[in-house]
Amino acid sequence: MFKLQKLYDAINRLRRRKERFYTNCFFLYPRMKFLSEQNNSKIQIGENGIVLLYEERDFQRLYYWGSGLSSIFEICHMARGLNEANTLIVADVVGDASYISCIGKEFEKQKARKYAVLSRYRASVLRTVPEKPVHCECALVSQEDVPRILSLLEENLDPLVSHLPTLPYLYELQKRGLLYGCYVCGQLIGVECLEPIGLKGRYLYQIAIKKEKQNKGYATILTNYMISCNLQCKHWSVWIDDTNESSICINARTGMTRDGLKNMVVIL
């Protein structure tokens, strides 16, 4: 736990400096307040940098703020000092290609290694695409099916990259009608989780299909259903691993294009 105002005061101090300000934390107030109240969240404030470590499953998620490139050394040093359990420390470096290359080199100097690189794709309108003739039903996920989503995501997605949700957060998304499920014989075999962006935007937060049901057309049917339920949406975005060719292809068919923003995942 930590005092939110103490963190904000330290961030503002760094922002007022002449050196370039660096951060990988773009949360709004509700999320920051949530982190400040968790027993497994802790911060350390240095002369040129600030670190926030948050325990996520069996590793530590690192959020940082720094003034000048030299702050990366201080950030890595403080993060390792806070990591009493000596588990993996995972951080996102977000920006254009030149930015993440520059910051990435500073992390590499501190013995951090690049784990993955993702690109952001965006669209103002998504289009549905032809479907394979497979039988399934799509619907908003019911409250009783929410716990099944978590195991489905954990089965298919890398937690170091995907920022997997907690069960309480999934219940929150379900209440807001942002969880779409694909069912075969009444069993949930696929899910698409959205997050709101303003009043008319949607972020494709997570999508997963049971492994034995993949590459059979269910993902396309579920995505088409989700699009048809969000025709009022004017802003779409999604992050895709640069090595995930199938996901890149599917999203390109719906109208998603790269916008130049990248996310390099590094491990300390």
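Scope of the values below: all heavy atoms of this structure, side chains included, with no hydrogens, waters or symmetry mates.
- Gln110 CD to Ile75 CD1: the interatomic distance, rounded to the nearest 0.5 Å, is 10.0 Å.
- More than 12 heavy atoms of other residues, nucleotides or ligands shown are found within 6.0 angstrom of OH on Tyr54.
- Note that CG of Asn24 is 9.5 Å distant from CZ of Arg61, once rounded to the nearest 0.5 Å.
- Of all non-hydrogen atoms in Gly68 and Ser71, the two that sit nearest each other are O-OG, 2.6 Å.
- Leu231 and Leu140 fall into different hydrophobic clusters, defined by Ile, Leu, Val, Met, Phe, Trp and Tyr side-chain heavy atoms under 4.5 Å apart, directly or through other members.
- The nearest pair of heavy atoms linking Ser142 to Tyr183 is N-OH, 4.1 Å.
- Val191 and Trp236 fall within the same hydrophobic cluster, defined by Ile, Leu, Val, Met, Phe, Trp and Tyr side-chain heavy atoms under 4.5 Å apart, directly or through other members.
- Judged by distance alone, the side chain of Ser101 and the main-chain N or O of Ala97 form no donor-acceptor pair under 3.5 Å.
- Here the CG atom belonging to Asp242 is positioned 6.0 Å from the CD1 atom belonging to Ile248, to the nearest 0.5 angstrom.
- Side chain of Lys262 to main chain of Val94: no donor-acceptor pair is present (N/O by atom type, distance under 3.5 Å, no hydrogens or angles).
- Here CG of Asp241 is found 11.0 Å from CG of Leu157. Values are rounded to the nearest 0.5 Å.
- Atom CD of Gln232 has more than 12 neighbouring heavy atoms from other residues, nucleotides or ligands inside a 6.0 Å radius.
- Under the 4.5 Å side-chain heavy-atom criterion for ILVMFWY residues, no single connected hydrophobic cluster contains both Ile103 and Tyr115.
- Remark: the backbone N or O of His163 is paired with a side-chain donor or acceptor of Tyr205 at under 3.5 angstrom.
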### Task
Begin with the C-alpha distance, continue with both residues' side-chain angles, and end with the deciding distance and a verdict on side-chain contact (heavy atoms from CB on, under 4.5 Å) for Leu261 and Asp96.
CA-CA 5 Å; Leu261 198 64; Asp96 60 24; 5.6 Å; no

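- Remark: side-chain polar atoms of Glu192 are not paired, donor with acceptor, to backbone N or O of Met226 under 3.5 angstrom.
- At distances below 3.5 Å, not a single donor-acceptor pair connects side-chain atoms of Asn244 with backbone N or O atoms of Ile240.
- Counting heavy atoms from C-beta outward, Arg202 and Pro196 have side chains that approach closer than 4.5 Å.
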### Message
Quick one, Trp239 with Tyr203, criterion side-chain contact (heavy atoms from CB on, under 4.5 Å). Give me CA distance, side-chain angles, the key distance, then yes/no.
### Response
CA-CA 9 Å; Trp239 285 96; Tyr203 168 52; 3.5 Å; yes

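- Distance alone, capped at 3.5 Å, is enough to place a donor-acceptor pair between the Lys216 side chain and the Glu212 backbone.
- Ser41 contributes a side-chain N or O that, together with a main-chain N or O of Leu35, makes up a donor-acceptor pair within less than 3.5 Å.
- Side-chain contact of Ser67 with Asn48: a donor-acceptor pair under 3.5 Å is absent, judged by distance alone.
- Aromatic pair Phe27/Tyr63: centroids less than 6.0 angstrom apart.
- Among all heavy-atom pairs drawn from Gly46 and Glu74, the shortest one is CA-OE2, 3.1 Å.
- Looking only at atom types and distance, the side chain of Tyr225 has no donor-acceptor partner in the side chain of Asn230 under 3.5 Å away.
- Inter-residue side-chain proximity for Arg13 and Asp9 is flagged as unmet; no heavy-atom pair is nearer than 4.5 Å.
- There is no path of hydrophobic side-chain contacts, each under 4.5 Å, that joins Leu82 to Ile43.
- Side-chain contact of Gln60 with Asn40: a donor-acceptor pair under 3.5 Å is absent, judged by distance alone.
- Judged by the 6.0 Å distance and 45° axis criteria, Arg258 is not positioned over the aromatic ring of Tyr121.
- Between Arg127 and Arg253, every side-chain heavy-atom pair lies at or beyond the 4.5 Å cut-off.
- Around atom CG of Leu199, no more than 12 heavy atoms belonging to other residues, nucleotides or ligands sit under 6.0 Å away.
- Taking the side chain as every heavy atom from C-beta outward, Thr254 and Thr223 approach each other to under 4.5 Å.
- Thr23 places a side-chain N or O within donor-acceptor distance of the main-chain N or O of Tyr64, the cut-off being under 3.5 Å.
- Between the side chain of Gln206 and the backbone N or O of Ser162, at least one donor-acceptor pair lies under 3.5 Å.
- Residues Trp65 and Leu52 meet the side-chain proximity criterion, which asks for heavy atoms closer than 4.5 Å.
- Under the 4.5 Å side-chain heavy-atom criterion for Ile, Leu, Val, Met, Phe, Trp and Tyr, Tyr8 and Phe34 are members of the same hydrophobic cluster.
- In this structure, Asn12 places its CG atom where more than 12 heavy-atom neighbours from other residues, nucleotides or ligands lie under 6.0 Å away.
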### Task
Could you check Leu62 against Val51 for side-chain contact (heavy atoms from CB on, under 4.5 Å), going step by step and ending with a plain yes or no?
CA-CA 7 Å; Leu62 167 62; Val51 300; 3.9 Å; yes

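- Of all non-hydrogen atoms in Cys136 and Val184, the two that sit nearest each other are CB-CG2, 4.0 Å.
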### Task
Any chance you could lay out the salt bridge (charged side-chain N to carboxylate O under 4.0 Å, His left out) test for Arg148 and Asp145, step after step, and finish with the verdict?
CA-CA 5 Å; Arg148 298 183 177 91; Asp145 275 340; 2.4 Å; yes

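- Leu170 pairs with exactly one of Ile149, Leu164, Leu178 by the side chain to side chain contact (heavy atoms under 4.5 Å, CB included) rule, that one being Ile149.
- Within a 6.0 Å radius of CD in Glu137, other residues, nucleotides and ligands contribute 12 heavy atoms or fewer.
- Atom CZ of residue Arg122 and atom OG of residue Ser119 lie 13.5 Å apart, to the nearest 0.5 angstrom.
- Within 6.0 Å of the CD atom in Gln38, the count of heavy atoms belonging to other residues, nucleotides or ligands exceeds 12.
- Inspection of the Tyr218 and Glu131 side chains reveals no N or O donor paired with an N or O acceptor under 3.5 Å.
- Under the 4.0 Å criterion applied to side-chain N and carboxylate O atoms, Lys109 and Glu106 are assigned as salt-bridge partners.
- In this structure, the side chains of Leu4 and Phe2 come closer than 4.5 Å at one or more pairs of heavy atoms.
- Residue Val141 comes nearest to Gly181 through the heavy atom pair CG2-N, 3.5 Å, listed as atom of the first residue, atom of the second, then distance.
- Two residues are said to be in side-chain contact when any heavy atoms from C-beta on lie closer than 4.5 Å; Glu154 and Leu152 fail this criterion.
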### Task
Take Leu69 and Cys102 through the side-chain contact (heavy atoms from CB on, under 4.5 Å) test and state the conclusion after the steps.
CA-CA 9 Å; Leu69 277 178; Cys102 177; 3.8 Å; yes

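- Put simply, the side chain of Asn263 never gets that close to the backbone of Asp92: no donor and acceptor are under 3.5 Å apart.
- Atom CD1 in Ile89 sits 4.0 Å away from atom CG in Asn83 (nearest 0.5 Å).
- Contact of the Val161 side chain with the Leu118 side chain is registered, since non-hydrogen atoms from C-beta on lie closer than 4.5 Å.
- Taking the centre and axis of the six-membered ring of Tyr22, the NZ or CZ atom of Arg17 falls outside the cone set by 45° and 6.0 Å.
- Taking both residues in full, the closest heavy atoms of Ile197 and Ser237 are given as CD1-OG, 3.5 Å, listed atom of the first, atom of the second, then distance.
- Within a 6.0 Å radius of CZ in Arg176, other residues, nucleotides and ligands contribute 12 heavy atoms or fewer.
- A salt bridge does not link Lys114 to Glu108: none of the charged nitrogens lies less than 4.0 Å from a carboxylate oxygen.
- More than 12 heavy atoms of other residues, nucleotides or ligands shown are found within 6.0 angstrom of CD on Gln5.
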